[in-house]
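Heads up: the structure comes next, in structure tokens.
Each chain gets a letter, A, B and so on, in the order the sequences are listed, and its residues count up from 1.
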Number of protein chains: 4
Amino acid sequence: MLARVSSTPTFKRLPRAVREQQMLDAAVKVFSRRGFHAASMDEIAEDAGISKPMVYAYLGTKEELFVACLHREGTRMMEAIAGAAASDLPADERLWRGLRAFFRFVGAHRDGWAVLYRQARGEQPFAGELATMRGRLVEVVAGMLDHALRAEGREVGPTDLEVVAYALVGATESLADWLADHTEADPEKTATRMMNVAWLGAAQLLHGTTWHPPTP
Amino acid sequence: MLARVSSTPTFKRLPRAVREQQMLDAAVKVFSRRGFHAASMDEIAEDAGISKPMVYAYLGTKEELFVACLHREGTRMMEAIAGAAASDLPADERLWRGLRAFFRFVGAHRDGWAVLYRQARGEQPFAGELATMRGRLVEVVAGMLDHALRAEGREVGPTDLEVVAYALVGATESLADWLADHTEADPEKTATRMMNVAWLGAAQLLHGTTWHPPTP
Amino acid sequence: MLARVSSTPTFKRLPRAVREQQMLDAAVKVFSRRGFHAASMDEIAEDAGISKPMVYAYLGTKEELFVACLHREGTRMMEAIAGAAASDLPADERLWRGLRAFFRFVGAHRDGWAVLYRQARGEQPFAGELATMRGRLVEVVAGMLDHALRAEGREVGPTDLEVVAYALVGATESLADWLADHTEADPEKTATRMMNVAWLGAAQLLHGTTWHPPTP
Amino acid sequence: MLARVSSTPTFKRLPRAVREQQMLDAAVKVFSRRGFHAASMDEIAEDAGISKPMVYAYLGTKEELFVACLHREGTRMMEAIAGAAASDLPADERLWRGLRAFFRFVGAHRDGWAVLYRQARGEQPFAGELATMRGRLVEVVAGMLDHALRAEGREVGPTDLEVVAYALVGATESLADWLADHTEADPEKTATRMMNVAWLGAAQLLHGTTWHPPTP
DNA sequence: CATGAATGAGTGTTCATTCAT
DNA sequence: CATGAATGAACACTCATTCAT
């Protein structure tokens with residue numbers, strides 16, 4: 001510990017970009033394992049194999065660091081989804097590919113997902129950040145539904161559309177939580193199940209079936 | 001230092017049970033506003049109009065206090081739902097009444113909901129506690145679906161049933177989040193919307209329609 | 001716990017003197033087990049089967065309570081010794097009886113000994129209290145030695161006498177510690193051993209043998 | 001609040017080893033003066049001219065800090081004794097030099113002695129730590145006695161030997177306490193006195209004289 | 001007489017953050 | 001560029017002590 005031989009400094013003087021990625025990797029890992037508050041900058045720095053002042057120099061305060069994690073993971077996720085669900089496909093195909101890409105991402109980045117949702121949801125400072133990202137997802141889903149509806153010659157009020165989309169996104173997140181907790185579970189199968197719930201429900205909507213509260 | 005006027009001691013020497021409720025009220029409020037970690041026992045005690053040692057004497061450590069909040073709010077919620085959805089009603093009626101009770105509860109106890117889900121989900125020590133409660137909800141929902149299915153002469157594998165129920169619960173929680181964030185929103189309407197998504201999707205399931213991934 | 005049936009209050013309204021002895025018993029026990037600081041008034045009160053305010057009403061603050069324990073145990077011990085070593089016996093007989101009474105006392109009141117010495121020695125507020133008691137012991141022992149010396153026609157300077165007496169008392173305390181820690185040990189045997197060390201050394205002194213540092 | 005003049009920062013950024021010694025010095029002093037419980041980490045830190053977190057970073061919790069003090073002082077003492085009493089000397093010479101070194105040490109490190117014995121004896125968590133150290137002393141003394149006995153062609157049962165050694169160590173500690181309390185006392189003289197008591201008693205033992213309780 | 005209810009004051013401990021080297 | 005050294009500020013938790021009933 002104390003006697004650190006100064007020769008062969010094991011990967012020093014790396015370019016800034018690389019170092020930043022190492023730090024973010026470490027941060028995502030530690031935030032995911034411990035939660036935002038319980039995570040300590042010491043542990044993150046140590047896990048990144050770097051000293052604390054460097055973390056501050058490169059990525060700022062703890063909150064900023066967390067936001068940086070959020071951004072990176074969120075962007076990666078959105079890219080994975082967007083890359084899979086090209087907009088020139090039929091609606092069900094788009095939805096399926098998007099869902100599959102999403103669950104694949106969650107399955108492969110369980111840490112990232114934990115940071116993204118489980119942590120961010122609970123801590124006020126990041127709720128906004130997260131809301132934005134989720135908002136984009138909701139928009140995409142609502143867009144798909146609207147597109148499909150119009151193709152059928154039907155139309156639904158924007159609020160209803162949004163709420164349905166919101167519910168679908170919520171159901172998806174819920175299954176993502178479930179997936180993140182079950183290491184052995186298969187992302188592909190989970191996607192299929194979600195597709196069943198989502199598409200069947202949405203299909204009804206597309207055909208104009210609705211439910212009304214009984215008038216007592 | 002602080003000149004405390006000695007007249008009208010504003011509610012001193014209350015019996016234990018009363019004080020405990022006051023404390024829980026304050027705790028739910030503060031936990032909800034600040035989050036578990038950011039909340040301080042000082043603030044909770046002050047908000048309850050009592051000294052810190054009393055909080056410890058009656059309700060234990062911070063974690064135990066949080067769990068107590070969880071229990072009280074969770075129990076209240078479950079009771080509200082169970083009381084509304086009597087088991088001798090037809091499936092759709094039960095679902096509808098349960099959902100309505102749920103959204104009414106969330107609308108009326110936005111603080112409690114925040115404590116229950118937003119906080120508990122993120123903090124490892126309480127994840128288990130929460131998982132149990134959610135598990136009970138999932139079971140109830142799955143039971144409803146199964147009951148309805150059998151009435152139609154159909155049957156679905158237990159895992160599929162559970163996942164569908166899980167997704168529905170997730171969707172519901174998501175809308176509850178949305179409701180908690182939109183003070184002006186109407187619980188009744190939100191319930192109706194959720195019912196649309198849930199029931200229409202479930203109805204499909206009931207009729208045996210399923211979706212399969214395209215085989216490329 | 002909460003529902004305490006009010007009939008048969010198990011020994012209430014005892015006369016003050018009895019209650020005080022109960023409290024002291026409890027206090028000695030708890031102080032002995034936990035140490036002065038680690039002991040809590042709550043535990044003492046509970047162990048005495050009485051409420052805290054009563055303890056304060058009867059025996060004062062924690063420090064005063066500890067001093068009360070010290071006094072009672074110290075007095076008991078001194079009485080046991082004094083009663084055994086009547087001053088009209090020959091010196092060795094007196095010493096032997098005194099030692100035997102002492103080790104018997106320690107053996108029978110291990111708790112009291114722990115309070116008396118092990119606790120009191122370490123805590124400044126009581127060091128003086130204790131020094132007085134030990135001083136009396138040293139005086140008694142020095143008196144014995146002086147008496148025996150004069151009987152032999154010899155005399156020793158008062159400081160030397162005191163220091164020798166001090167050393168003997170120290171040796172005795174040390175063996176008392178040892179005895180208190182070894183529940184199975186026999187007080188009688190321990191007394192014999194101490195007598196060997198003490199008397200043989202003292203006997204030399206009585207006969208005028210002395211040791212001088214080598215002059216280099 | 002406290003106007004701290006910014007010039008001459010009085011010893012900042014010292015290497016770790018130095019700071020640790022400063023802390024231990026301060027800790028020994030404060031523990032000695034106040035006792036373990038009454039001592040506060042704040043006072044120790046302030047006395048060391050450093051902030052509390054540094055104390056925790058370098059030497060751990062309060063208990064660990066106390067143990068560290070115990071170790072340092074104990075080691076110093078043992079080294080002082082061992083260095084003085086070379087094993088190739090005659091028994092009485094060894095004993096004398098050992099005693100002298102011991103009392104010199106106590107006289108010069110009265111704080112250390114208080115920490116070592118007066119505090120440690122009373123607080124359960126450290127009793128074991130201390131027992132070990134005293135045990136080593138007892139062994140050394142018993143070894144000396146045994147050596148001398150065998151040289152005289154005599155032998156004594158191991159328990160008797162140990163108890164005698166125990167008594168001698170106890171007497172010595174007792175005089176050390178006395179010395180620590182009397183600032184003006186001369187360690188050299190105290191050592192001589194102890195030697196008289198010890199050696200004269202031991203000499204008797206060496207020559208086979210024993211005392212037996214009168215059979216009434 | 002006896003007690004449950006109540007608290008002020010203090011302590012150990014942690015951690016994000018920043019200099020001086 | 002990189003880091004060990006350093007700290008301010010806060011927080012959970014405890015306990016001796018005292019009223020009001």
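- Checking C:Leu65, C:Asp111, C:Leu70 one by one against C:Phe31, the side chain to side chain contact (heavy atoms under 4.5 Å, CB included) holds for a single residue, C:Leu65.
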Practice problem: Quick one: do D:His37 and D:Glu123 satisfy side chain to side chain donor-acceptor pair (under 3.5 Å)? Show the steps, please. | Solution: CA-CA 9 Å; D:His37 270 105; D:Glu123 312 286 339; 3.3 Å; yes
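- Closest to the D:Ser40 side chain, of the nucleotides E:dA6, E:dG12, F:dT17, is E:dG12.
- Nearest to the side chain of C:Met41, among E:dA6, F:dC11, F:dA16, sits F:dA16.
- Residue D:Pro15 is the one, among B:Glu63 and D:Pro15, whose nearest nucleotide of DNA chain F lies closer to the 5' end (criterion: closest heavy atom).
- Counting non-hydrogen atoms of other residues, nucleotides and ligands closer than 6.0 Å to CD of D:Glu46 gives a total of 12 or fewer.
- When heavy atoms are screened at a 4.0 angstrom cut-off, D:Ala45 is found touching no nucleic acid atom at all.
- Between the CE atom of D:Met54 and the C1' atom of E:dT14 there is a distance of 13 Å, rounded to whole Å.
- Looking at A:Glu43 and A:Arg33, their side chains come closer than 4.5 Å, going by heavy atoms from C-beta outward.
- With the nearest nucleotide of DNA chain E identified for both D:Pro53 and C:Ser51, C:Ser51 has the one nearer the 5' end.
- Counting only Watson-Crick and G-U wobble pairs whose two key distances fall under 3.5 Å, DNA chain E forms stems of three or more stacked pairs at E:2-21 with F:2-21.
- Regarding A:Leu59, its CG atom lies at a distance of 16 Å from the C1' atom of F:dA2, rounded to whole Å.
- Atoms CG (D:Leu14) and P (F:dT7) sit 10 Å apart, rounded to a whole Å.
- Between C:Phe126 and C:Phe66, the ring planes lie tilted relative to each other; the angle falls in the 30° to 60° range.
- Using a 4.0 Å cut-off, no side-chain N or O of C:Tyr58 falls inside it from OP1 or OP2 of E:dC1.
- Following rounding to the nearest Å, A:Arg19 (CZ) and F:dA2 (C1') show an atom-to-atom distance of 9 Å.
- Where B:Met23 and D:His37 each meet DNA chain E at their nearest nucleotide, the meeting point lying more 5' is that of B:Met23.
- Look at CG on A:Leu65: it is 15 Å from C1' on E:dC15, rounded to the nearest Å.
- The closest side-chain heavy-atom distance from D:Leu59 to D:Arg19 is not below 4.5 Å.
- Here F:dA16 is the nucleotide among F:dG8, F:dA16, E:dA5 with the atom lying nearest to any side-chain atom of C:Asp42.
- Nucleic acid contact for D:Ala38: none, since no nucleic acid atom lies under 4.0 Å from a heavy atom of the residue.
- Sequence order on DNA chain F of the closest nucleotides to B:Phe36 and D:Ile50 puts D:Ile50 first from the 5' end.
- With hydrogens and angles ignored, no donor-acceptor pair under 3.5 angstrom links the side chain of A:Lys52 to the base of E:dT18.
- Taking only distance into account, the side chain of C:Lys62 never meets the base of F:dT17 through a donor-acceptor pair shorter than 3.5 Å.
- Atom CD in D:Glu43 sits about 14 Å away from atom P in E:dG10, given to the nearest Å.
- Counting heavy atoms of neighbouring residues, nucleotides and ligands inside a 6.0 Å radius, atom NZ of C:Lys29 does not exceed 12 of them.
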